[in-house]
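Data block below; observations after.
Letters go in sequence order (proteins before strands), and every chain restarts at 1. Values reported hereafter were calculated over all heavy atoms of this structure, with side chains retained and with hydrogens, waters and symmetry mates removed.
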Amino acid sequence: MAGPRVRFAPSPTGYFHVGSARSALFNWFVARQHDDGVFILRIEDTDTERNREEWVDGILSAMDWLGLDLDEGPFRQSDNQAQYATSVAALNGGGYLYYCDCTGDDVAKRKGDNKTPGYDGFCRDRGLDQGPLTALRFKTPREGVTTVPDLIRGDVEFANATIDDFVVAKSSGAVLYALANVTDDRNDRISHVIRGEEHLSNAPKQMMLWEALNDALHEDVALPAYAHLPLLVNEQRKKLSKRKDPVATESYRDQGYLPEAFVNYLALLGWSPRGDEEIVPLATLIEQFRLEDVSHSPAFFDVKKMAHMNGEYIRSLTPEEFLAQSAPWVNPWSSAWRPTDREPGWSEDQFDEALYAKVAPLVQERVATLGEIPAMVGFFFSDGVSYDETAFAKSVGNDPLGQTLLAVAVERFSDVDWRADALHEATIEIGEALGLALRKAQAPIRCAVTGTLVGPPLFESLELLGRERTLQRLRDALARSSQ
RNA sequence: GGUCCCAUCGUCUAGUGGCCUAGGACAUCACCCUCUCAAGGUGGAGGCACGGGUUCGAAUCCCGUUGGGACUGCCA
């Protein structure tokens, strides 16, 4: 038996939604589990009002970033108009459709207290001819039940009477989603339709269309298997909204999430690998993934957990890999790709690649995202120090002892061996002379040199920063405190 | 309102009738480590929505209630 043929079918109407990313990923898993599985990308751009070409580029680059490679496509619905016309003609010829000239207001007005869902079938038997304002509706069976065999949820039954006569083609002639989608799935011989749960109620309509097309076209294309994935929700338990929630996959890339970590986290939303370990190699994810094991309930997209996971991935990088991965954030000028709206706090001239290579290991284990790096190493590359005023006041400005310590440090550091361990020893001694434990003694120095009270290990940092720059900053801080 | 889906710690989940004194992860708290911050280590607190059944036995099966969500477009 041939391998599965699955498709990811986004519409390019905005940033690449993390929920879409997960749908794409699960489809891709299914394809990659088989040697002959096929993963197809179909751009559903039939809504010309809302589509924009830049969003198509966004989808492509985000999928590339995630490593979701295609076997076929990208196809575009805008290229398939002829096939849609064929579907419409066949359906119409087979008596499955009728013209309707009702406006939305007409339908709403008639609806009133009527319990019938959606459209009431007003034009179904009026025998209207095609006109400038007539849409084409599908004659839904009035009796019987349509059962959607869902791989995740089991059989889901819909009474046909509850499904209204939906529009298949607009009065303009443009074919709508339901028919376009079904036509393409048939032509692409899709075996598994794997998509978000918001499409579950579309499934019976699409099955009706599918079978009507088989009949009208005298074909016998097998229905696909359906799998409706649980929704991704926000803290309010609402479907993640493009408008209100941080759902743009691109923004996570810009923040410095590694694609491996992002994929790993996404895989955990609605599914889980065997065993207690959640950090799982991609190959294992692919091997273990089963649609049947996908959970039924919505999942909250927890950025905190993803950040933690990303930190683990970052820490597991070799120093060389870390250097390469972090380059776009610290040295965008010589990177092929750079994150948008994220300038490091220094200029190209100020950046010192060799120095960064030595600094990098100090921050690798302290960041959860690559985007956090610049703030942590900025003091190495900028000329002056940008002070956190609260920290400065606490450790130097309002602390005479801190000022004394700085003054002593200037003396002592002038002729100490410029190595981390020697600086460490010297600082201990300076502190002891003033009755300060090392944790207290290092604070004013740290603040004077880096501008804040938190950061990479101090003595290694001083060694890398160099004697001259360190002494200069200690003197500057001292001068600053007496102003 | 109608149709459909869902319901295990705050969150993501394991669990498919006895292995459950309900396991793991994130978050949280305490302690350890420690030049700061992280990381790491150890430990703690924290959950089967409720009510009926079925069964020798129910987180697991059935029914109901409650609660949440999706859809309900000449959008996808």
Does a side-chain N or O of [X] approach OP1 or OP2 of [N] to a distance below 4.0 Å, or not?
{"X": "A/Arg237", "N": "B/rC12", "result": "yes"}
{"X": "A/Lys239", "N": "B/rC71", "result": "yes"}
{"X": "A/Thr452", "N": "B/rC37", "result": "no"}
{"X": "A/Lys238", "N": "B/rG68", "result": "no"}
{"X": "A/Arg153", "N": "B/rC4", "result": "no"}
{"X": "A/His296", "N": "B/rC5", "result": "no"}
{"X": "A/Ser295", "N": "B/rU13", "result": "yes"}
{"X": "A/Arg137", "N": "B/rC74", "result": "yes"}

For a quick check, tell me whether the side chain of [X] and the base of [N] share a donor-acceptor pair closer than 3.5 Å.
{"X": "A/Asn202", "N": "B/rA76", "result": "yes"}
{"X": "A/Thr427", "N": "B/rC35", "result": "no"}
{"X": "A/Glu460", "N": "B/rC35", "result": "yes"}
{"X": "A/Arg439", "N": "B/rC35", "result": "no"}
{"X": "A/Arg446", "N": "B/rC35", "result": "yes"}
{"X": "A/Lys305", "N": "B/rA27", "result": "no"}
{"X": "A/Arg366", "N": "B/rC37", "result": "yes"}
{"X": "A/Glu277", "N": "B/rG24", "result": "no"}

Interatomic distance where CG belongs to A/Asp164 and C1' belongs to B/rC74 [whole Å]: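 These atoms are roughly 12 Å apart.
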Protein-nucleotide distance (A/Glu49, atom CD; B/rG73, atom P), rounded to Å: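 Value for this atom pair: 19 Å.
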Aromatic plane relationship, A/Phe29 with A/Phe289 - under 30° parallel, 30 to 60° tilted, over 60° perpendicular: tilted
Nearest-Å distance once atom [atom1] is located in both [N] and [M]:
{"N": "B/rU28", "M": "B/rG67", "atom1": "C1'", "result": "26 Å"}
{"N": "B/rA49", "M": "B/rC9", "atom1": "P", "result": "7 Å"}
{"N": "B/rG18", "M": "B/rC33", "atom1": "P", "result": "45 Å"}
{"N": "B/rG69", "M": "B/rG24", "atom1": "C1'", "result": "27 Å"}
{"N": "B/rC12", "M": "B/rC63", "atom1": "C1'", "result": "30 Å"}
{"N": "B/rG41", "M": "B/rC48", "atom1": "P", "result": "29 Å"}
{"N": "B/rG23", "M": "B/rA59", "atom1": "P", "result": "14 Å"}
{"N": "B/rA25", "M": "B/rA14", "atom1": "C1'", "result": "11 Å"}

Evaluation steps, ring pair (Phe, Tyr, Trp, His ring centres under 6.0 Å), between A/Phe301 and A/His17: CA-CA 12 Å; A/Phe301 186 80; A/His17 195 287; 8.9 Å; no
Counterpart base for [N], defined by Watson-Crick or G-U wobble contacts under 3.5 Å:
{"N": "B/rA49", "value": "B/rU65"}
{"N": "B/rU3", "value": "B/rA70"}
{"N": "B/rU28", "value": "B/rG44"}

Touch check for [X], heavy atoms < 4.0 angstrom, all strands: base, sugar-phosphate only, or nothing?
{"X": "A/Glu198", "value": "sugar-phosphate"}
{"X": "A/Ser171", "value": "base"}
{"X": "A/Pro457", "value": "base"}
{"X": "A/Tyr177", "value": "base"}

Would you mind writing out the side-chain donor-acceptor pairs for residues 431-451 of chain A within the sub-3.5 Å range, not counting sequence neighbours?
unit_1: A/Gln442; atom_1: OE1; unit_2: A/Arg446; atom_2: NE; d: 3.0
unit_1: A/Gln442; atom_1: OE1; unit_2: A/Arg446; atom_2: NH2; d: 3.4
unit_1: A/Gln442; atom_1: NE2; unit_2: A/Arg439; atom_2: O; d: 3.1
unit_1: A/Arg446; atom_1: NH1; unit_2: A/Pro456; atom_2: O; d: 2.9
unit_1: A/Thr450; atom_1: OG1; unit_2: A/Arg446; atom_2: O; d: 2.8
unit_1: A/Thr450; atom_1: OG1; unit_2: A/Thr452; atom_2: N; d: 3.3
unit_1: A/Thr450; atom_1: OG1; unit_2: A/Thr452; atom_2: O; d: 3.1

A/Glu53, CD atom: more than 12 neighbouring heavy atoms under 6.0 Å: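 It does: A/Glu53 CD has more than 12 such atoms within range.
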Minimum-distance nucleotide (side-chain atoms of A/Lys170 versus B/rC74, B/rA7, B/rA76):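 Looking only at heavy atoms from C-beta outward on A/Lys170, the closest nucleotide is B/rC74.
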